[in-house]
Amino acid sequence: MSLQKPAQPLSTYLNDHLTGAFGGAALARRMAGAHGDPRRAAELRSLAREVEEDRDALVRTMNRLGVPVRHYRTWLGVAAERIGRLKPNGTLIHRAPLSDLIELEAMRTGVEGKAALWQALRAIADHDPRLDPAELDRLARRALDQARTLKDWHRTVSAEVLSADGALVSSGAGRGTVGSRL
């Protein structure tokens with residue numbers, strides 16, 4: 001028999017999302033730093049800033065709700081992003097074009113989950129004065145905008161990386177730079 005009090009669903013839910021937010025912010029920063037095209041790199045830096053702002057908004061929301069931040073879990077999110085870099089991708093030394101696609105899919109999953117988080121909190125905001133419905137609506141809209149942007153980038157990268165004849169993949173594919181794919 002455990003003497004520990006079971007975790008409240010809201011605390012567990014928000015800390016789960018915060019873990020993902022720390023990993024997502026680290027991934028977004030790395031994607032922005034790895035990009036070779038200046039225009040797209042700027043777009044990725046902007047996305048990374050927004051992801052970090054959304055993570056900070058989640059921390060503020062947790063504070064308003066009296067939900068303690070489980071700091072060891074924030075490190076788990078960052079560690080998971082770093083471990084994700086070790087995935088087999090067809091090359092041993094260089095970044096592979098497939099990495100771009102996998103990272104975009106991870107970002108899409110995280111951003112879509114973030115939109116669901118804000119929508120879930122919005123569902124209780126009318127009955128909890130600690131939550132700001134207008135802020136949650138704004139955060140949900142921004143997450144959906146980010147998801148649309150990532151979906152468009154995903155379509156382009158998928159066509160280039162997965163093309164059967166390789167004609168769409170840039171000549172720098174062996175070097176594994178993000179190049180013009182994102």
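In this text, all values refer to a predicted model and were calculated from it rather than measured experimentally.
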Inset, instruction - Applying side chain to side chain contact (heavy atoms under 4.5 Å, CB included), run through Glu43 and Trp153 and close with a yes or a no. - result: CA-CA 11 Å; Glu43 293 172 355; Trp153 291 348; 3.4 Å; yes

Considering non-hydrogen atoms only, spot the tightest contact between [X] and [Y] and give its length.
X	Y	value
Gly66	Pro68	O-CD, 3.5 Å
Tyr13	Ala120	OH-CB, 3.6 Å
Arg130	Leu65	NH1-O, 3.0 Å
Gly24	Val51	C-CG1, 3.9 Å
Ala106	Leu27	CB-CD2, 3.9 Å
Arg55	Leu18	CG-CD1, 4.0 Å

Inset, instruction - Flag the pair Arg29 / Glu52 as yes when at least one side-chain heavy-atom distance between them is below 4.5 Å, and no otherwise. - result: yes

Inset, instruction - May I ask you to test the Val111-Thr149 pair for a side-chain heavy-atom distance under 4.5 Å? - result: no

Inset, instruction - Output yes when a side-chain donor or acceptor of Asn15 lies under 3.5 Å from a complementary backbone atom of Ser11, and no otherwise. - result: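 Answer holds: yes.
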
Inset, instruction - Please determine, by modelled atom types, if Thr61 and Arg64 share a side-chain donor-acceptor pair under 3.5 angstrom. - result: yes

Legend entry - Worked check of side chain to side chain contact (heavy atoms under 4.5 Å, CB included) between Leu104 and Met31: CA-CA 9 Å; Leu104 272 173; Met31 289 172 66; 3.9 Å; yes

Legend entry - CA sep, side-chain torsions, deciding dist, call: Leu10, Leu121, side chain to side chain contact (heavy atoms under 4.5 Å, CB included): CA-CA 10 Å; Leu10 183 61; Leu121 289 175; 4.2 Å; yes

Point-to-point distance, once rounded to the nearest 0.5 Å, from [atom1] of [X] to [atom2] of [Y]:
X	Y	atom1	atom2	value
Gln119	Leu139	CD	CG	11.5 Å
Thr12	Gln8	OG1	CD	8.5 Å
Leu150	Arg108	CG	CZ	7.5 Å
Met107	Leu44	CE	CG	8.5 Å

Inset, instruction - Determine which pairs satisfy salt bridge (Lys or Arg N to Asp or Glu O under 4.0 Å) with at least one residue from residues 136-145, sequence neighbours left out, and list them in order. - result: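 Salt bridge (Lys or Arg N to Asp or Glu O under 4.0 Å) check on residues 136-145 returns Glu53-Arg142, Asp54-Arg142, Arg122-Asp137, Asp145-Arg148.
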
Legend entry - Partner residues of Glu105 under the salt bridge (Lys or Arg N to Asp or Glu O under 4.0 Å) criterion, sequence neighbours left out: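 By the salt bridge (Lys or Arg N to Asp or Glu O under 4.0 Å) rule, Glu105 matches no residue at all.
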
Inset, instruction - Could you go through the side chain to side chain contact (heavy atoms under 4.5 Å, CB included) check for Gln146 and Lys114 one step at a time? - result: CA-CA 10 Å; Gln146 292 166 352; Lys114 177 175 58 176; 2.6 Å; yes

